[in-house]
Amino acid sequence: MPYGFLYDLSAIPRSLFKQVVEIAYEKQLYKLVSKQAKSLVKTFKVDEITGLNFTDAISLVEDLIEVQATNILQKDGFKKAQRKVLLLPHCTRKYMDKNCKAEFNPEIPTYNCQKCSPDCLINKANALGKTKGYDVYVIPGGSCMEKILRKGKYEAAVGVACGMELKLGLQVIKKLGIPGQGLFLTKNGCANTSFNLENLEKILAMQNG
Ligand code: SF4
């Protein structure tokens with residue numbers, strides 16, 4: 001289920017994300033961080049910079065904390081897993097029309113990237129994931145995640161999505177009893193969404209030894 005609002009975090013100082021991780025470490029009980037989320041929104045002027053109303057900005061920061069806290073808690077299990085999958089959002093494709101040459105396979109469902117644009121973020125993330133030994137799917141929504149995980153018998157998953165979709169994904173991996181790592185979209189929406197490729201690379205590189 002997508003958010004009812006649009007956001008773009010690309011202008012937010014990186015120190016916000018650092019503090020989110022620190023709070024996640026300290027608190028672990030992310031459900032009790034609304035006070036801290038409110039404080040972070042005020043300190044970093046998240047509402048002013050993003051144009052979100054104050055309540056939506058708090059929801060966004062709360063979700064950032066929840067996802068980061070869960071990532072930390074599941075890190076060890078994730079590192080031990082062998083068979084991993086990377087789930088990418090189709091809305092980050094450079095083109096959302098016929099200019100995207102990806103072949104859609106409705107059976108899975110996934111878009112099979114044909115590498116038509118070297119500067120397409122999905123193209124880059126797809127190549128990165130495969131280099132790191134992941135099976136990669138470019139999915140039209142979080143609802144197909146469970147089917148993919150069950151069919152592929154994956155032991156761990158990395159998901160790139162907005163906070164709402166990531167939280168739904170967390171419910172799925174909890175149900176299946178496998179660990180996961182989530183990467184928050186830095187910009188959400190129905191098209192032209194974005195994420196940080198360097199941060200994805202750090203997640204994909206996590207393994208024991
Ligand atoms: S590089 Fe892949 S995902 Fe990106 S527009 Fe081309 S076919 Fe579509």
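Both ligands and their constituent atoms are indexed starting at 1 by order of listing. The basis for the numbers below is simple: all heavy atoms, side chains too, and nothing from hydrogens, waters or symmetry mates. The chain is numbered in sequence order, starting from 1. Predicted, not measured: the structure shown is a model, and the values here were computed from it.
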message: Quick one: does any side-chain atom of Gln181 pair with a main-chain N or O of Asn71 as donor and acceptor, under 3.5 Å?
response: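 Yes, because the side chain of Gln181 sits within donor-acceptor range (under 3.5 Å) of the backbone of Asn71.
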
Parallel, tilted or perpendicular, as decided by the 30° and 60° cut-offs, for the rings of Tyr3 and Phe5: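 Aromatic pair Phe5/Tyr3 classed parallel.
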
- request: Measure up the Tyr154 and Tyr137 rings against each other and bin them: parallel (under 30°), tilted (30 to 60°), perpendicular (over 60°).
  value: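 Judged by the thresholds at 30° and 60°, the geometry between Tyr154 and Tyr137 is perpendicular.
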
- prompt: Can we say Glu146 and Arg150 salt-bridge, meaning some charged N sits less than 4.0 Å from an Asp/Glu carboxylate O?
  reply: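 Yes.
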
Over-ring placement of Lys84 relative to Phe78, 6.0 Å and 45° cut-offs: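 Yes; both conditions hold, so Lys84 lies above the ring face of Phe78.
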
message: Run the ring pair (Phe, Tyr, Trp, His ring centres under 6.0 Å) test against Phe54 and tell me which residues pass, sequence neighbours left out.
response: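 Phe54 satisfies ring pair (Phe, Tyr, Trp, His ring centres under 6.0 Å) with no residue once adjacent residues are dropped.
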
message: Short of 2.8 Å from atom 6 (Fe) of ligand 1, name each protein N/O/S atom, waters not counted.
response: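 Checking every protein N, O and S atom gives Cys116 SG.
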
